[in-house]
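Along the sequence shown, residues carry numbers from 1.
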Amino acid sequence: MQDFDARTPTPAHETAIDCLQAGVEAVLPDRVVRESVSLDGDTLTVADETYDLTAYDRILVVGGGKAGDGVADALEAVLGDRIDDGVVVTPDPTPSPDGRIERLPGDHPVPSARGVESTRRLVDLISDLDDRTLVLAAITGGASAVLPSPAEGISLAELQETTDSLLESGAEIHDLNAVRKHVSTLKGGGLARLAAPATVVGLVLSDVVGNDLGVIASGPTAPDETTYDDALDVLDRFDLDVPKSVRTRLARGSAGDIPETPKPGDSVFDRVTNHVLADTFTALDAAREVAADRGYDPLVLSSRVRGEAREAAKTHVAVAEESLATGNPISAPAVVLSGGECTVTVRGDGDGGPNLEFCLAAAAELPEETVLASIDSDGKDGGTEVAGAVVDSSTVDAGDAHDALARNDALPVLREAGALVESGATGTNVNDLRVVVVGEGV
Ligand SMILES: O=C(O)C(=O)CO
């Protein structure tokens, strides 16, 4: 992973960036997998579970998402020639060092034709397996788009249009994926259903607040708690205009004309285990250590912050103000950390993402002696090519900030201010990470 490139004019800016860097490094898939997966003779250990490899004739590695490549690299390093075959689909596939796991391209945030083609190869590999096959499945954020497998009767163009509408609606990921799971064959337990009766072990990097296995990557290896009715409800609640084929499929599913996704207790999950190997808290914990090493009192506010980005920003400003005024919930000098997934309801046609909007909204109100940084751990905020920004009370004029927010155009203002944090794709994906450095020494 490249280092974060950002302007760090004061030690507080530097602390903010170092906390973020450490947070992302702690959730790089190579590190996470090597810490949780090991092989001793014929015994494979994944987290606290062991698998006797003599029970299997074949070991396959499949899956994808933004951290898919790193998981595949690490599995090749741990398992070597015990892996028989594999297909992993990621946005920027790198050739496999030893060619055991095929790396194929897919796209994010909107699914692409090449992603559909790559996913077809994965589906072919896991169709028709027997109970002497072990499937290791890399389940990482972004796979809902990267690994597209449109359901019968839905074209790629219709899936793309539906994805666009969902992304612009401001809907949270649970709602978004309730729809995606019902217009796809691989999501909502579909991978587990296809692979049965093989044993499936999900290696999960969570980018979903609360680690709901049915939501991360739209839950290819997890029971689906949502229904066609829930998906229709999302379309209604967000007043979404989706292609007729999508609405027809959901209505037919709701009427019982199309089978539901597999639910909890379904026998397709009898041989499925999912392990969450890392999440946002893993990253915050590493960031907390850096803050403490630098002499700050660190506080993890929450790894589950969500809601409209500009509103969540005000809450973080309020926490900084309280810390400076009364020493609550922590006395300055302090580092307040949070994570989660904020959303943006798009009303303008500017450039930005949740973290950039978060930073811009915060910058307009931050007290002096406070530095705030917010990034998407995958290195690309929303549809932009930048991770996020680092701001203080002098970064922008409040009026300019409000104008830009009204157009959803945070990126140019923050670029002009020299406030961007850039890293390129980090090769991992948990949630958004935020650092507020408050008080003395800033
Ligand atoms: O659904 C996805 O792909 C997400 O990014 C959430 O895991």
Side-chain angles (χ1 to χ4, degrees), residues 27 63-68 71 106 108-111 137-149 151 159 162-163 165-167 169-193 200 202-235 237-238 240 250 253 260-266 268-269 272-283 302-307 339-343 354 376-378 382 428-432:
V27 292
K66 293 179 188 172
V71 173
H108 189 275
V110 179
I139 307 296
T140 76
S144 293
V146 172
L147 263 182
S149 178
L159 192 62
T162 306
T163 308
S165 306
L166 285 164
L167 292 176
S169 68
E172 289 191 4
I173 194 74
H174 292 71
D175 285 335
L176 231 125
N177 286 358
V179 178
R180 285 160 146 176
K181 284 187 273 189
H182 288 90
V183 294
S184 157
T185 55
L186 213 54
K187 305 184 198 328
L191 193 154
R193 177 151 60 188
V200 176
L203 307 175
V204 184
L205 267 70
S206 171
D207 67 333
V208 167
V209 168
N211 298 348
D212 185 338
L213 289 166
V215 179
I216 303 163
S218 292
T221 54
D224 183 16
E225 308 255 5
T226 67
T227 62
Y228 285 102
D229 283 343
D230 293 326
L232 281 168
D233 179 56
V234 172
L235 299 190
R237 261 190 293 133
F238 291 92
L240 293 180
L250 298 181
E260 255 297 352
T261 48
K263 304 298 173 210
D266 192 306
V268 303
F269 300 110
V272 177
T273 321
N274 288 296
H275 302 275
V276 177
L277 304 184
D279 62 12
T280 304
F281 201 87
T282 317
S302 171
S303 63
R304 297 159 186 245
V305 175
R306 48 203 186 271
E341 183 155 62
C342 287
T343 44
D376 189 325
S377 58
D378 68 11
T428 194
N429 186 23
V430 287
N431 284 138
D432 303 334

*What are the two closest heavy atoms between Leu205 and Ala67, and how far apart are they?*
CD2-CB, 3.9 Å
_Closest non-hydrogen atom pair between Pro262 and Phe269, with its separation_ = CB-CE1, 3.6 Å
_His174 side chain near Asp212 side chain, heavy-atom distance below 4.5 Å_ = yes
*Between Leu213 and Val276, is any pair of side-chain heavy atoms under 4.5 Å apart?*
yes
*Minimum heavy-atom distance Ala171-Asp175, with the two atoms named*: CB-CB, 4.2 Å
*Which atom pair, heavy atoms only, marks the closest approach of Glu260 to Arg193?*
O-NH1, 3.5 Å
*What distance separates Asp378 CG from Lys66 NZ, expressed to the nearest 0.5 Å?*
3.5 Å
*Looking only at non-hydrogen atoms, find the nearest pair between Gly64 and Leu147 and report the distance.*
N-CD1, 4.2 Å
*Have Asn429 and Thr140 got a donor and an acceptor in their side chains that come within less than 3.5 Å?*
no
*Roughly how far, to the nearest 0.5 Å, is the CD1 atom of Ile216 from the CD1 atom of Ile139?*
9.0 Å
*Considering only heavy atoms from C-beta outward, does the side chain of Glu341 approach that of Ile173 to under 4.5 Å?*
yes
*Show the numbers, then the answer: is there a side chain to side chain contact (heavy atoms under 4.5 Å, CB included) between Val183 and Leu159?*
CA-CA 8 Å; Val183 294; Leu159 192 62; 3.8 Å; yes
*Side-chain H-bond candidate by donor/acceptor type, Ser206 with Asn211, under 3.5 Å*: yes
*Taking all heavy atoms of Thr221 and all of Ala192, pick out the closest pair and write down the distance.*
CA-CB, 4.1 Å
*Note, Pro223 side chain near Asp266 side chain (heavy atom, < 4.5 Å)*: no
_Are Leu167 and Leu176 packed together at the side-chain level, in the sense that at least one heavy-atom pair is separated by less than 4.5 angstrom?_
yes
_Distance check, rounded to the nearest 0.5 Å: Asn431 atom CG versus Cys342 atom SG?_
9.5 Å
*State whether the side chain of Lys187 and the backbone N or O of Val179 hold a donor-acceptor pair below 3.5 Å, judged by distance alone.*
no
*Does the side chain of Thr226 pick up a donor-acceptor pair with the side chain of Asp224 at under 3.5 Å?*
yes
_Counting only heavy atoms from other residues, nucleotides and ligands, does the tally under 6.0 Å from CD of Glu225 exceed 12?_
no
*Would you say the side chains of Thr185 and Ser149 form a donor-acceptor pair under 3.5 Å?*
yes
*Give the intermediate values and the outcome of side chain to side chain contact (heavy atoms under 4.5 Å, CB included) for residues Leu232 and His182.*
CA-CA 10 Å; Leu232 281 168; His182 288 90; over 6 Å; no
*Can you find a side-chain donor-acceptor pair between Ser218 and Ser144 that sits under 3.5 Å?*
yes
*Do the side chains of Pro111 and Thr163 get nearer than 4.5 Å, heavy atoms only?*
yes
_Derivation and outcome, side chain to side chain contact (heavy atoms under 4.5 Å, CB included), residues Ser377 and Asp432_ = CA-CA 6 Å; Ser377 58; Asp432 303 334; over 6 Å; no
*asked:* Would Arg304 and Thr280 count as a side chain to side chain contact (heavy atoms under 4.5 Å, CB included) here? Give the steps.
replied: CA-CA 8 Å; Arg304 297 159 186 245; Thr280 304; over 6 Å; no
*In Å, rounded to the nearest 0.5 Å, how long is the span from CG of Leu191 to CG of Leu186?*
4.5 Å
